[in-house]
2 protein chains.
Amino acid sequence: MKLNTKSRYAVMALADMAVFSNDNAVSLRDISLRQGISLLYLEQIFLRLKKNNIVKSVRGINGGYILVKSPKELKISDILIALDQKVKTIGCKKDSKKSCNGKSTKCITHNFWDELDIHINSFFENKKLSDLLKNREARI
Amino acid sequence: MKLNTKSRYAVMALADMAVFSNDNAVSLRDISLRQGISLLYLEQIFLRLKKNNIVKSVRGINGGYILVKSPKELKISDILIALDQKVKTIGCKKDSKKSCNGKSTKCITHNFWDELDIHINSFFENKKLSDLLKNREARI
DNA sequence: AAAAACTTGACTATTTTAGTCGGGTATATA
DNA sequence: TATATACCCGACTAAAATAGTCAAGTTTTT
Ligand code: FES
Ligand code: FES
């Protein structure tokens, strides 16, 4: 039950942007240096964030990325969705005819896993990027 | 963010036991047939459940496994712990000196992931095996 | 004695993950 | 207009995790 590093780094990088952009574009190079995340990896991550309209890019010298929404409005769930990090704790699809074990009826645990997914997703839905910035003791 | 199949099958198999044991031991063969889970895989799973005192075994003919606690008392979290399925959504250890990115201070997202873990764990802590059996429409 | 059923460690194929590489394109500034 | 900076994007790979099998037992009831 782990979150993958792409999602983790995405949240981290966006939090970095929220702190350090002063209405300027933030370059991946700066994020990389501040957060200790590989620049090449960040590029891959931001590609997806851009495609999902979470950031927009500014090319050329002094370029970088800008948050499309304000941190107060950016839900963490949006970030995870952008990185395909579905919170689907088990493989069984709600609408699929096949259940988890190949039978036609849903197994006894099905509803339980559904509840779990809802429980986790609601956490991400209700958290905004700005929530991460409150009460931070450590320097970023 | 997926749960592994060992944990999933463990919950499923224990739910099966709760339904079908009438104070008798339930054999893995029966569980395997009813739930469509590989017998060999079940053996591996029950080894761990036994080591963690969630089931006890009865050997020989008419043998099988018996739940140590009643379904009302068996927390789902106990099952997951038995299968090493820690809900530790990211690798950074709370007490470790190293943070997730190798720096000495905790990163800005650290507390957030901690909160997430607590949120998920509380779900598993508060659910009992018996909760899965309520309101089941589908035959097991 | 035989059959049912648990015991255990080792082994392997597949999938996922994390991360890199190479070769682009756009733009600000000197 | 040259050049450095920084985004763009698909393909690739090594390592780890996962899912599941296999072999060779032991114990107990009938
Ligand atoms: S049928 Fe959906 S989880 Fe088993
Ligand atoms: S330091 Fe713990 S998650 Fe980053």
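Order of the sequence lines fixes the chain letters, A, B, ..., with proteins taken first and strands second; residue numbering starts at 1 for each chain.
Residues forming a side chain to side chain donor-acceptor pair (under 3.5 Å) with A:Asn121 (at least two apart in sequence, or on another chain): none. Take B:Asp131 and apply the side chain to side chain donor-acceptor pair (under 3.5 Å) test, not counting sequence neighbours, and it matches B:Lys134.
For the OP1/OP2 pair of C:dC6 and a distance below 4.0 Å, the side-chain nitrogens and oxygens of B:Ser57 include no atom meeting the criterion. Applying the 4.0 Å criterion to OP1 and OP2 of D:dC8, one finds that A:Lys50 has a side-chain N or O inside that range. Taking 4.0 angstrom as the limit, B:Ser38 places a side-chain polar atom (N or O) nearer than this to OP1 or OP2 of D:dT21. The shortest distance between the side-chain N/O atoms of B:Tyr9 and the OP1/OP2 oxygens of D:dG20 is below 4.0 Å.
Taking CG of A:Leu42 as the start and CG of A:Leu47 as the end, the distance is 12.0 Å to the nearest 0.5 Å. Here the CG atom belonging to A:Leu67 is positioned 11.0 Å from the CD atom belonging to A:Glu73, to the nearest 0.5 angstrom. In this structure, OH on A:Tyr9 lies 10.0 Å from OG1 on B:Thr109, to the nearest 0.5 angstrom.
Using a 4.5 Å cut-off on side-chain heavy atoms (C-beta onward), B:Ser32 and B:Arg29 make no contact.
Atom-to-atom, CG of B:Leu42 to C1' of C:dT7 comes out at 15 Å; the value is rounded to the nearest Å. Protein atom CG of A:Asn4 is 10 Å distant from nucleotide atom P of C:dG19, rounded to whole Å. What separates CG of B:Leu47 from P of C:dT8 is a distance of 6 Å, to the nearest Å. When rounded to the nearest whole Å, the span between CG of A:Leu3 and P of D:dA17 equals 16 Å. Atom CD1 of A:Ile66 is separated from atom P of D:dA6 by 14 Å (rounded to the nearest Å). Rounded to an integer number of Å, the gap from B:Leu83 CG to D:dA17 C1' is 15 Å. Put simply, CZ on A:Arg48 is 18 Å from P on D:dC7, counting in whole angstrom units. Taking atom NZ on B:Lys2 and atom C1' on D:dT18, their separation rounds to 9 Å, with Å as the unit.
Residue contacts shown for A:Phe46 are absent, as no nucleic acid heavy atom lies under 4.0 Å away.
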May I have the step-by-step check of side-chain contact (heavy atoms from CB on, under 4.5 Å) for A:Ile66 and A:Val55, ending in yes or no? CA-CA 5 Å; A:Ile66 297 174; A:Val55 295; over 6 Å; no
Report, one line per pair, each donor and acceptor closer than 3.5 Å where one atom sits in a side chain of residues 122-129 of chain A; sequence neighbours left out.
unit_1: A:Ser122; atom_1: OG; unit_2: A:His119; atom_2: O; d: 3.0
unit_1: A:Glu125; atom_1: OE1; unit_2: A:Lys75; atom_2: NZ; d: 3.0
unit_1: A:Glu125; atom_1: OE2; unit_2: A:Ser77; atom_2: OG; d: 3.4
unit_1: A:Asn126; atom_1: ND2; unit_2: A:Ser122; atom_2: O; d: 2.9
unit_1: A:Lys127; atom_1: NZ; unit_2: B:Glu115; atom_2: OE1; d: 2.8

What string of B, S and - do you get for nucleotides 21-30 of chain C 5' to 3' if you count protein non-hydrogen atoms under 4.0 Å? B--BBBBSS-
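Between B:Lys51 and A:Leu39, the residue anchored closer to the 5' end of DNA chain C is B:Lys51, taking for each the nucleotide with the nearest heavy atom.
At a non-hydrogen distance threshold of 4.0 Å, A:Val26, A:Ser27, A:Leu28, A:Arg29 from residues 22-31 of chain A come into contact with DNA chain D.
Residue pairs meeting the salt bridge (charged side-chain N to carboxylate O under 4.0 Å, His left out) criterion with at least one partner in residues 45-63 of chain B, sequence neighbours excluded, are B:Arg48-B:Asp84.
Counted by atom type alone, A:Asn24 and A:Ser21 present zero donor-acceptor pairs between their side chains at under 3.5 Å.
Of the candidates C:dT16, C:dC6, C:dT20, the closest approach to any side-chain atom of A:Tyr41 belongs to C:dT20.
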